[in-house]
Every structure is written in C-alpha cells, then in structure tokens.
Amino acid sequence: EGAHWSYEGAGGPAKWGDLEAANKACAAGLQQSPIDIEATIKSQLPVLKLSWGKSADTIVNNGHTIQLNFVEGSTLMLGDVKYKLLQVHFHRPSEHMIGGKNFPMEAHFVHRNDAGGLAVVGVLMTEGRPNASFAKIIKTMPAAEGPAVKADASIDPLAMLPPKLSYYRYPGSLTTPPCSEVVEWLLLTTPIQVAASDVAAFAKLYPMNARPVQKDNRRYVLRSI
Ligand code: 1SD
Ligand code: ZN
C-alpha cells in the first residue's frame, strides 16, 4: 500500500507519483488506467472462459473500497493463458468512461496468472433492478476500515455479470498506486443493474473512489465481435 494515498487533497491522484518512488508509473507511465473508451477496433478476441466457484472467503473494508476475497479455484482462461480469480472490489463512480460518460459504479474482478500478470474484468453498474448478490455485499460490508471478516457464502460472483460477455480490451495499469502497468483490461460492454438504494449505501462509505481517466497515448481499444 502506498503512503496515505487518497482520492482528494494532498494524497490525491495528481500527487500519487510523488508519494513514493515505487509509484513512478502513476505520473510517468504511458499505459495508465482507467481511460475513456471512444474509438474501438472490432476484433476476433478470445471468448472469456470464466470458471468461477461460488464462494467468497472474506469481505474487507480496506480504507479505499469494499473488497471480497475468493478462495482458490476460480479461474479465467484468456486464450490459452490461465488466470486465478483473487478478489472483486468496487469504485464509485465508474473509473472507465464510455464516450465521455460515467456510470454510477464499476466492479473489478482481479485475476492473476503465474507470471504475475493481471487480467481485470470490469463490470459497469447502472441503477435499476436489484442484484441479489450485490445487495448481500452491501448488507454485510464492514462500515469502518478494518480486518477482513468471513463473507456470506451465498454471494455468487457469476450473478454479478451481465448475460453477454462481449468486452473491450486494452493494455493498462492498476488504477491505484503503484499504478503498475501489468493489467490486461477486459471491460464488459454490457452493464449490470443494481438497486439505487445499494449504490446510495456504498456512496455513504465511499462517495468518490475513482481515479480520473488517463491518456490513451499510443494505445488502441479492441472490441470483441
Ligand atoms: O484498486 C485495486 C487495488 O486495490 C488492487 O486490488 C489492485 C490489484 O492488486 O488492483 C487495483 S485496480 O486496478 O483493480 N483498481
Ligand atoms: Zn479497481
């Protein structure tokens, strides 16, 4: 964890690069995340093969977000590379924008491969019909920063995905310090719906925990056909 980074003020995103040497990429990187998705290139991308078990191990309020940690065994196959599902956490508003537009929230399902590379499946969240699994997370999330506690075993990560798994793909970074450029971003094109009251409850704890969009520089965004 970076030294006292935050989303506003002295430790805010514009200062992340200065907080410690390890955060150099936050200021100097050319493949930073999130970005505003505008022009995209339709491409034959691999189908996302998600084999997610149903159990979250623990839930934690880590001072930056609410995060669910998963037991080992859930995987993502991206082409022939295997990634393990580590955790999901939430941002408000969304970090990625689509055509200059934010969404109320965004979920990040963080996966890691054996070489240390990350694949983060991003799910945009709109207000509408309640999502039972997200509602359970909201109901059981620790109100104050503190240690991880046992998660409700009935929270189903697959139930927090849209029916269609088409996605945008681009090479990027962690959206938090140290902003390491090790992430294959897989942002689903279809948002999920969650209850407005659940977004409001999250916003009470974290009214704003989104990094501003970063420059594309020499990157292109691919869109699955
Ligand atoms: O913000 C998270 C950070 O908490 C950590 O989970 C990291 C992965 O080690 O990922 C970032 S993010 O880029 O998924 N927002
Ligand atoms: Zn995130």
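Note: hydrogens, waters and symmetry copies are ignored here, and every other heavy atom, side chains too, is used. Indexing begins at 1, ligand by ligand and atom by atom, following the structure's order.
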As an exercise, identify every atom of ligand 1 less than 4.0 angstrom from a heavy atom of [X].
X      : result
Val110 : 14 (O)
Thr176 : 1 (O), 2 (C), 3 (C), 11 (C)
His89  : 1 (O), 2 (C), 6 (O), 12 (S), 14 (O), 15 (N)

[Y] versus [X], side-chain donor and acceptor atoms under 3.5 Å:
X      : Y      : value
Lys136 : Ser154 : yes
Asp152 : Thr140 : no
Arg218 : Gln31  : no

Inset, instruction - With the side chain counted from C-beta on, respond yes when Leu78 and Arg169 share a heavy-atom pair under 4.5 Å apart, and no when they do not. - result: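 Answer yes - side chains close enough.
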
Inset, instruction - Indicate, with yes or no, if the rings of Tyr7 and Tyr206 have centres closer together than 6.0 Å. - result: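 Not under 6.0 Å, so no.
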
When you compare ligand 1 with [X], is there at least one nitrogen or oxygen pair between them that comes in under 3.5 angstrom?
X      : result
His91  : yes
Gln67  : no
Gln87  : yes
Trp185 : no

If the condition is salt bridge (Lys or Arg N to Asp or Glu O under 4.0 Å), which residues does [X] pass it with, not counting sequence neighbours?
X      : value
Lys164 : none
Glu127 : none
Lys24  : none

Inset, instruction - Have a look at Asn209, Val182, Leu174, Val183 and point out the one with the heavy atom closest to atom 8 (C) of ligand 1. - result: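 Comparing heavy atoms across Asn209, Val182, Leu174, Val183, the nearest one to atom 8 (C) of ligand 1 lies in Leu174.
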
Inset, instruction - For a side chain to side chain donor-acceptor pair (under 3.5 Å) with His91, tell me which candidate from Glu106, His64, His108 qualifies. - result: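 When side chain to side chain donor-acceptor pair (under 3.5 Å) is applied between His91 and each of Glu106, His64, His108, only His108 qualifies.
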
Inset, instruction - Have a look at ligand 1 and work out which part of Thr175, if any, has a heavy atom under 4.0 Å from it: side chain, backbone, both or neither. - result: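 Answer for Thr175: both.
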
Inset, instruction - Could you please give the number of protein N/O/S atoms within less than 2.8 Å of the Zn ion (ligand 2)? - result: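 With waters ignored, the protein N/O/S count below 2.8 Å is 3.
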
Inset, instruction - Tell me, yes or no, whether the heavy-atom count around Asn217 atom CG, taken from other residues, nucleotides or ligands under 6.0 Å, exceeds 12. - result: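 Count over threshold, so yes.
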
